[in-house]
Amino acid sequence: MKKKNRNFMEMEDCVVLFADEYLNDVEGEKLEELCDAFLMKGVKKLIIDFSDTGLINSVGISILVGIMDKLKGGKGVLLFSGLKKVNHDIFNMLGLTKNVPVCKTPQEALKMIEGGSPRKLTVQ
Amino acid sequence: MKDEPLSGAPSGGEFFGREAQLKYVCGRAAEKDIFRGIYLLGRRWVGKTEFLRRVREELFFSQEVVVPVYYQFKGYSDAGDFAEDYLREVIRQYIAFFEKDPHLAKQELSLKGLRRLLENGNMEDLAGIVARHAECKENSDHIAVFRNAISIPAIIKGRAKTPLFLILDDFDTAGRISLYKDGPSVLKEYMDSLASQNIPFLASLTSSWILSGGFFPASKTEVIPLEGLKEDESLPMMIKMCGQYNIEFDTEILALTAKALEGSPMYIRNIIWAARKAGSGLSDLREFVELYVKEITEGDIAFSIRSALSLKGLDELAVLYACANSKKGVSKEELKERFSLAEADIRSAADNLKYTGLLTGSLGFVRWAGDRVVRDFINYMYETEVKGRDAEEVKTDLRLKGLREGFSMQSAKVAGALKDDVAELLKMFNGQKAPKALFRNLLPPKGVGPEDEITLPYIAGCFDAGKKDRPGEISVLISQGFHSTRYDETHGVTWIVGIKEGMIPVSVSAVEDFTRQSNLLMEKFKITTVARWLVSREGFTREAALRMDTEGVWATDYEKIRVLKDIISEGKPETVSIGASLKEFEMTLPTRSRAELVAANTAGEIASEMGFDEDSAAEIKTAVIEACINAFEHSKLKSANVHLRFVVGSRGLALYVQNAGRVFDSLYLPQKQVLEGGAEKRGWGIEMMRGLMDVVRFEKVKGGTRVVMVKYLKKNGEGRDEEKK
């Protein structure tokens, strides 16, 4: 069952969250609140999709790290998708991609969740 | 509710601040039956009147618990005159509050008119007070007039559940109003009337004598001291005012102005108005001193002080002059001898001056309690009017004194310990060129030429190599940097800097001590490329300087440190090489959320136009965003703007982002903040800029910090990594 919203899409036990076109402090906090809400509801598989995100600033990145922290140590699964090259490079530069798998699309991320080993996908 | 300013309220928030104190007092005022009185104690012209008027304005429009009534005690000496003025003000403001019409508070009405207004508004009890006032006045019974007027707050309290909240300005002056000729002041009876009816009030005081006079039970009062505005409060307002009036300014000079004027809103505002009137700026010390001297001798400040003091003769001026220039105070005997004054003259002068708040007295001594501006005014008056000196000559003295004090304030501001100065200076090293003569003690400069200059390194960080054990010993700073626009091992350099505080020049044994320490440090930290530099407040003995030449240790004394700092502050860094400059764009951003996007989009457009590919343009945009948010975050003032310059060159794009603020401290934090385990969550902005751009450099410029970033255009087949090599 799919439930689609402007900011997220629920797919069975997984949720795809869509980041804003500019991920700054305000938009980052909104994203974090959305994550918190789903985590509270017991959702443990999250995909953050950046297909619409052209720009990310360092505060936005700090917030993403905060989200990663919440899912650390087997508490959940987190994947990123749709990163533009510049943002992928930044995530690489700052070491985020070492801890979170990155896929081209949310669909690819979903497949990875369905087929991959949960341990490998768990935020380290 | 009619949202208009009340009579006498300050204009449109031009200069105020003190939000927290205002909120506190308004909160206390609106509490029911908790307290009886607040005293706002502060010296003259510190902003008490403005504060009280703001309190009234706030209470008038934002609550219904109390009726705020502002009354300023004026120079009445007769209880009857005071009573009529008080009665009119209180009643007018009471009606204005209930009608929610600020105009009524300002409206001039005859007693008859006031009475009619009260009768029409079904306030017969108050109309009766006005009628009684007229009757007592006709009978010349001033005491009855006074007692009738001061009963108004109690009557109002009795007729409605909303009591008055009296805001009493210049309350000290009440001590000057006599109940009857040669009788006591009205103060005690007035305070008794408030205490017996539990009427809450806020009263401003210039001196504390009322507090110790037992006029009101201490347990039921609260004293709030009001001091001059702090620099961080006054500076934004000064910058705003200068902006409004198109006055050219330097932030440091404004800060110095605020400090020299002890944060007094009245003085600060007058100096800025004077600058506007004279078409002058506030961008260097001389301009400030010129305006200051003019203001305190013949300007609005002088006029205000003169009016407020209303000196009754030269005796009073002499007493003020003597006290203003004595640190410990002046005894009555000294005054008698020095100015040939009789005991009665001294007593009369002291009594009159008590209300000015400029003097305090105890144990037979009279001490100065005023500020430096009034002191300068008094000195000018005394020198010209009593000593008969030429006004221009005295003004010249004042200018010299102002410049001397200003310079010492400026140096005190940047000074602190020599070690802190040097550490700050090291952090400003950014590839600038500096005369070699500043790093040698014996060799005079040979002329200007590349061989006489040294290129300073880019310093990434600076730390203390350990505390000295004994005073007079040399303390050591280690500073790490590189001689290139990018850091790598081959360009790395370490500066070991010895600092000698104290008043004794560096001796040969101190040099030996420093070289020994630096050798140990080189060994300990495995330093290969090193520059050793010894800085001394009092310079070096000839023998020590010769030894340092032999050892290859650079030497700089305190004076040269200041020169070096000036050179570096002027911002003469190595220029960025982007080929011939083709176009330039400039932009000013307010410190607002998402304002950085405007700059990023502009940079993106320029980059695309220049032929950068989409990915590189996106990298430039992200770097610009980081530079802007860093500039916003590190601005000294949250209201300050950020200036951007985009220079299009034949080989690349140079971006300059400048704020009015501190050095970006995060620059000097360790670079390794990349996510690894429990990584830090902030401080990645600079890391990102460095990763996205080919050159990133931070420059300390006059009044702020500038980030310079360069992105080179790729030639066909050339990768980014290759360029960076």
Side-chain angles (χ1 to χ4, degrees), chain A residues 19-32 35 48 50-75 78-80 82-102 104 122-124, chain B residues 592-604 607-608 612-634 664 666 669 671-693 696 711 719-721 724:
Chain A
D20 195 74
E21 56 192 272
Y22 174 36
L23 190 63
N24 61 354
D25 49 350
V26 178
E27 295 305 326
E29 278 165 19
K30 283 186 199 165
L31 190 67
E32 191 174 24
C35 282
I48 302 180
F50 296 94
S51 303
D52 292 332
T53 310
L55 293 164
I56 300 179
N57 74 18
S58 53
V59 186
I61 287 176
S62 303
I63 294 170
L64 286 179
V65 173
I67 296 172
M68 285 162 63
D69 282 349
K70 287 176 190 167
L71 292 162
K72 249 183 189 174
K75 286 181 205 140
L78 178 67
L79 284 91
F80 293 152
L83 278 167
K84 304 249 181 309
K85 185 177 178 300
V86 60
N87 295 332
H88 195 281
D89 288 348
I90 292 169
F91 281 25
N92 250 340
M93 189 197 313
L94 301 177
L96 272 71
T97 49
K98 281 183 197 162
N99 302 282
V100 178
V102 180
K104 281 188 181 163
T122 305
V123 183
Q124 301 299 307
Chain B
R592 295 276 184 280
S593 172
R594 295 175 80 91
E596 69 276 12
L597 278 181
V598 178
N601 290 333
T602 307
S608 301
F612 281 102
D613 61 29
E614 203 181 313
D615 291 334
S616 301
E619 288 173 349
I620 292 170
K621 285 169 78 174
T622 306
V624 167
I625 282 183
E626 286 310 317
C628 289
I629 57 178
N630 249 323
F632 296 157
E633 212 168 275
H634 294 270
F664 295 178
S666 46
L669 292 174
Q671 299 282 310
K672 277 280 171 192
Q673 295 191 344
V674 178
L675 187 66
E676 277 174 11
E680 290 289 326
K681 292 180 187 173
R682 294 300 316 275
W684 291 337
I686 291 165
E687 196 66 34
M688 280 169 67
M689 285 187 264
R690 288 210 158 116
L692 296 168
M693 302 296 279
V696 177
K711 187 83 168 172
R720 231 172 66 100
D721 290 337
K724 283 184 179 177

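Values reported hereafter were calculated over all heavy atoms of this structure, with side chains retained and with hydrogens, waters and symmetry mates removed. A, B, ... follow the sequence lines: proteins, then strands. Residue 1 opens every chain.
When all heavy atoms are compared, the tightest approach of Ile56(A) to Met688(B) is O-CE, 3.9 Å. Annotation for Asn87(A) and Gly54(A): closest pair ND2-O, 3.6 Å, computed over non-hydrogen atoms. Of all heavy-atom pairs between Phe80(A) and Met68(A), the closest is CZ-SD, 4.3 Å.
A donor-acceptor pair under 3.5 Å links the side-chain atoms of Glu626(B) to the main chain of Ser58(A), judged by distance alone.
The parts of Asn57(A) that come within reach of chain B are both its backbone and its side chain, each placing non-hydrogen atoms under 4.5 angstrom from that chain. Proximity to chain B (any heavy atom under 4.5 Å) is shown, for Leu64(A), by neither the backbone nor the side chain. Using a 4.5 Å cut-off between heavy atoms, Glu596(B) contacts chain A through its side chain alone, with no backbone atom that close.
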